Amino acid sequence: MTISIEQISKQANEIVNRQREQIEAVIEKNTQKVLNAFRENKISEQHLKATTGYGYDDMGRDGLEAVYADIFQTEDALVRQQIVSGTHAISLAYFGNLRPGDELLAIGRPYDTLQKVIGYQEEVPGSLKERGILYREFLIDYDHIDTAAIVAAIGPKTKMITMQRSKGYEWRPSLSMAQMQTIIAAVKEKYPHIIVFVDNCYGELVEEVEPTQIGADLVAGSLIKNLGGGLTPTGGYLAGKKSLVENAAYFLNVPGGGKEVGCSLIDNRLYYQGLFLAPGIVGEALLGAIYAAAFWQTLGYEVCPLPEEKRTDIIQAIKLEDRDKLLAFCRGIQKYAPIDSFVTPEPWAMPGYSHPIIMAAGAFVQGASIELSADAPVIPPYQVFFQGGLNRYHVKTAIDGTARDMLEQGLLK
């Protein structure tokens, strides 16, 4: 059989069109939510400026945190340029709120970079383990979540439960808001004092509500993913109960200083404008992910989630089953990027990961995975994780072009 990229593209577009109305309804509701937060907090041109020094009375920073708290419907938020990644933001939640002898219970296995933060797989200076914080994992069946078993796993020293919304580098469904709400309700019914923390990376604004609106005490994530809208150059956020956010701020900055210090060296306009654009950008990424899923499923490859499954994050996994295909896919995504299109990605020992990683991200902001990107651990069964795209047409161009190149290389038949 001769592969017709044009025919496959047409079929994939038909599947995208069937879901466009549903996704646009979420975009509209989340745009209204973000706009209302801007209006409620009377954001003005004065909020958009940068500051220097200690950052005392930084109205742009403080206004942005108030907007985030409104969007997440929380008591407080910490939104800082000084947070270098999603892993850093999540670490602040852990280190700020856990003390020696406390236990962190993970529902499912946290993302690779967090394993070193936790420190129980290998000795890492400054890890939770080194600081005397206990840790356990409770692995679950994501298709059939047993809430009674989760509640039974909570021990006398458990202070915080952590859940990861996205699939990370696992071949599984991502946690939906409905699943998360069921887990949180079961835990809080018996243990109302336990902190429920959610790693929200890749999931913001995908659904109409956020984890803090269904009972989570604290969430965290990166600003070069969904909420940055493709404009934010760096940073991370936490949102939740005031005491938990304050504890994270003390760990980020200094006890006694906390949220009161930390200037906005980068123009705050990029943070406000990126957030305002974020609902639409997330929608574009979702439509692109659906297109990629439909395209590669038509070619005969396993995809997760399926093209017409409900989504709770922007990640699309494709099982390529072949090392050469995996490398070619990532190199194709890089080739059809606006920045560094001439660069050939190679697997390397990326800090924080246990296996060689290949990453394609020809992005305006280095490593920004709300922009079109693809990455994978280079191990069997050679699954690539594809996400982002500031507009669906770029995603389509990159997917179609990559498939044509792989066809010419004899990797697709």
Side-chain angles (χ1 to χ4, degrees), residues 1-24 27 171 230 280-311 313-345 358-364 369-376 381-413:
M1 179 185 74
T2 303
I3 293 174
S4 169
I5 301 299
E6 290 72 21
Q7 184 59 36
I8 293 172
S9 176
K10 181 180 178 181
Q11 293 173 14
N13 267 329
E14 289 172 356
I15 292 173
V16 171
N17 288 334
R18 290 202 291 268
Q19 296 186 70
R20 180 175 286 125
E21 185 176 343
Q22 178 184 355
I23 288 174
E24 287 177 346
I27 294 171
W171 189 268
I281 296 296
V282 169
E284 291 293 298
L286 288 171
L287 292 168
I290 293 167
Y291 180 85
F295 189 101
W296 286 89
Q297 185 186 57
T298 303
L299 278 173
Y301 294 89
E302 288 186 65
V303 297
C304 180
L306 297 172
E308 300 198 61
E309 281 188 284
K310 181 175 172 60
R311 292 167 185 266
D313 65 13
I314 63 170
I315 297 176
Q316 180 61 52
I318 304 166
K319 191 177 291 185
L320 295 168
E321 299 282 5
D322 181 274
R323 186 180 189 275
D324 290 339
K325 291 179 181 179
L326 176 69
L327 300 185
F329 183 98
C330 291
R331 289 166 180 167
I333 298 304
Q334 185 76 37
K335 177 181 175 181
Y336 294 97
I339 306 299
D340 290 333
S341 60
F342 53 89
V343 171
T344 302
I358 184 167
M359 287 199 166
F364 292 94
S369 44
I370 191 58
E371 300 185 55
L372 185 59
S373 59
D375 48 280
Y382 301 108
Q383 298 162 172
V384 68
F385 297 84
F386 175 92
Q387 59 273 318
L390 300 180
N391 70 72
R392 74 196 81 165
Y393 307 107
H394 178 209
V395 177
K396 181 181 183 301
T397 298
I399 288 291
D400 293 359
T402 295
R404 285 193 187 93
D405 293 346
M406 292 174 69
L407 189 60
E408 290 177 3
Q409 296 165 29
L411 294 172
L412 298 180
K413 297 180 181 178

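The structure presented is a predicted model; accordingly, all values stated were derived computationally and were not measured. We're numbering straight along the sequence, starting at 1.
- Of all heavy-atom pairs between Q383 and P381, the closest is OE1-CG, 3.2 Å.
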Problem set entry | Stepwise side-chain contact (heavy atoms from CB on, under 4.5 Å) test for C330 and M359 | CA-CA 7 Å; C330 291; M359 287 199 166; over 6 Å; no
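- Here the straight-line distance linking atom CG of D400 with atom CG of D405 works out to 11.0 Å at 0.5 Å rounding.
- For Q334 (side chain) and A361 (main-chain N/O), a donor-acceptor pair under 3.5 Å exists by modelled atom type.
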For this session: Please test V384 against I358 for side-chain contact (heavy atoms from CB on, under 4.5 Å), starting from the C-alpha separation and ending with a verdict.
Result: CA-CA 9 Å; V384 68; I358 184 167; over 6 Å; no
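- Of all non-hydrogen atoms in A374 and F329, the two that sit nearest each other are CB-CE2, 4.0 Å.
- Between L287 and V395, every side-chain heavy-atom pair lies at or beyond the 4.5 Å cut-off.
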Problem set entry | Derivation of the side-chain contact (heavy atoms from CB on, under 4.5 Å) call for I15 and Y291 | CA-CA 7 Å; I15 292 173; Y291 180 85; over 6 Å; no
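- A distance of 11.0 Å separates CD1 of I290 from CD of E309, quoted to the nearest 0.5 Å.
- Distance CG/L390 to CZ/F364: 7.5 Å, rounded to 0.5 Å.
- Across all their heavy atoms, I27 and G283 have their closest contact at CD1-CA, 3.5 Å.
- At distances below 3.5 Å, at least one donor-acceptor pair connects side-chain atoms of E284 with backbone N or O atoms of R392.
- Annotation: the span from I315 atom CD1 to L286 atom CG amounts to 11.5 Å, rounded to 0.5 Å.
- Closest heavy-atom contact between I370 and G230: CG2-N, 3.7 Å.
- Expressed to the nearest 0.5 Å, how far CD1 of I318 lies from CZ of F385 amounts to 10.0 Å.
- Within a 6.0 Å sphere centred on CD of E14, other residues, nucleotides and ligands contribute more than 12 heavy atoms.
- The closest donor-acceptor contact from the side chain of Q22 to the backbone of Q19 lies at 3.5 Å or more, if one exists at all.
- Between P305 and A293, the shortest heavy-atom contact is O-CB, 4.0 Å.
- Note that CD1 of I8 is 9.0 Å distant from CD of E6, once rounded to the nearest 0.5 Å.
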Side-chain donor-acceptor distances from residues 294-304 under 3.5 Å, at least two apart:
from: T298; atom 1: OG1; to: A294; atom 2: O; distance (Å): 2.7
from: Y301; atom 1: OH; to: K325; atom 2: NZ; distance (Å): 2.9

Exercise. Do N13 and K396 pass the side-chain contact (heavy atoms from CB on, under 4.5 Å) test, and can you show the C-alpha distance, the side-chain angles, and the key distance before you say yes or no?
Worked result: CA-CA 9 Å; N13 267 329; K396 181 181 183 301; 3.3 Å; yes
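- The closest side-chain heavy-atom distance from I314 to V282 is below 4.5 Å.
- Annotation for F386 and G288: closest pair CE2-O, 4.4 Å, computed over non-hydrogen atoms.
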